[in-house]
Each structure stands twice: as C-alpha cells, then as structure tokens.
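First up is the structure itself, then whatever we jot down about it.
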Amino acid sequence: MSREIVAIAADHGGYEMKELLKADLDGLGFDVLDLGTNNADSVDYPDFGHAIGEAIANSQARYGVAICGSGIGISIAANRHANVRAALCHDGLTAKLSRQHNNANVLALGARIIGIETARDAVSAFFTTDFEGGRHERRVDKIELP
Ligand code: RB5
C-alpha cells in the first residue's frame, strides 16, 4: 500500500529543522515531498509557503510542514491558498488542538522559537491526532471563503 505524502518546506531559518524532521515523518509512516530550501543560504519565506500551499491545493500532498524562523511568514503565505489551514504551533498541545478543533492540514513551526525536541513533539501530536468533527466541522466550514 502506498504511503500518504507530507510536503515539507522551509526558508533558511528553518532549513536545519526541516532536515531533522524528515526522519520523524518517515518514522510516522509518511512519504516526504521536500519542496526546499536545500541549504542555509538566505531565501524568501513566501516562496516556500506558496510551494506548500500549492502542493496541498493541488492534492500533491495531503498534509504539510512549513518552517521559517518564527513560523509566522511561511504560515501566512501558505494560508493564502484554497483549502489550506496552516496552524502555527509551539508545542505538542497546540499541534494536537490544531488537528482536533481546526482540522489543520499544515503544521507551521518557528525554528528560532522552539527547539528540535519540542518540534518533534508537535510533529508527533499533529500526525497522530484526528479531527473531532461535530461542532468543529461547522466552524471549519465557515473559514473558507465562498
Ligand atoms: C528570515 O530572517 C525570517 O524573517 C523568516 O524566517 C521568518 O521568521 C518570517 O516570518
């Protein structure tokens, strides 16, 4: 059976964390679609937020992980794309809630805000937690513009 695809992208601020988290995603049973950046040279975070957003919007990947220095810029860019719900999470709890209540499909992380072990907790929580549906479904449906 083919494995589900998770797209991952980062700017230079998140490059190192991206490289480390790819092994975690593999361990959780996903194929990883790495959309760059591919080294620590300075780049522009919107390019990578849009790459993640497009991969989700085009159904190239079901989920994404987006990393920049703060997690803010890359999540803003990803969220410009249809059907993308990128959640900037700071730990396992926020990652878990972003799945349970918001049906987030992109986990955004700030590599200059949290350390790698906290990022690992967030990845693990995000990818092992289901959307609760029910009243949350109505609210999530209201997010998308007509
Ligand atoms: C890059 O210096 C930094 O601005 C970027 O990684 C991110 O924090 C933007 O939101």
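Atoms within a ligand are numbered from 1 in the order they appear, just like the ligands themselves. Scope of the values below: all heavy atoms of this structure, side chains included, with no hydrogens, waters or symmetry mates.
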Numbered atoms of ligand 1 (with element) below 4.0 Å of [X], judged on heavy atoms:
X	answer
G69	5 (C), 6 (O), 7 (C), 8 (O)
S70	7 (C), 8 (O), 9 (C), 10 (O)
H12	1 (C), 2 (O)
R112	1 (C), 2 (O), 3 (C)
G73	9 (C), 10 (O)
D11	1 (C), 5 (C), 6 (O)

message = I'd like to know whether ligand 1 has C68 as a neighbour, heavy-atom separation below 4.0 Å.
response =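 Yes, C68 has a heavy atom closer than 4.0 Å to ligand 1.
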
ask   = Does the side chain of D121 pick up a donor-acceptor pair with the side chain of S124 at under 3.5 Å?
value =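 Judged by distance alone, the side chains do not pair up.
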
inquiry  = Quick check on R139: does its CZ atom have over 12 non-hydrogen neighbours (other residues, nucleotides or ligands) under 6.0 Å away?
reply    =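 Atom CZ in R139 is crowded, with more than 12 foreign heavy atoms closer than 6.0 Å.
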
message = Counting only heavy atoms from other residues, nucleotides and ligands, does the tally under 6.0 Å from NZ of K22 exceed 12?
response =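 Yes - once you tally the heavy atoms of other residues, nucleotides and ligands closer than 6.0 Å, there are more than 12.
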
request  = Would you mind reporting whether S98 and F126 have side-chain heavy atoms less than 4.5 Å apart?
outcome  =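 Contact flag for F126/S98 side chains = yes.
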
inquiry  = For a quick test of reading the model, state the closest non-hydrogen atom pair linking V84 to G53 and the distance between them.
reply    =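 That closest heavy-atom pairing would be CG2-O, 3.7 Å.
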
Atom of G73, atom of C68 and distance for their closest heavy-atom approach =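 Heavy atoms of G73 and C68 come nearest at N-SG, 3.9 Å.
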
task = Indicate yes or no: does an N/O atom of I74 lie under 3.5 Å from an N/O atom of ligand 1?
result =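 No, no N or O pair falls under 3.5 Å.
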
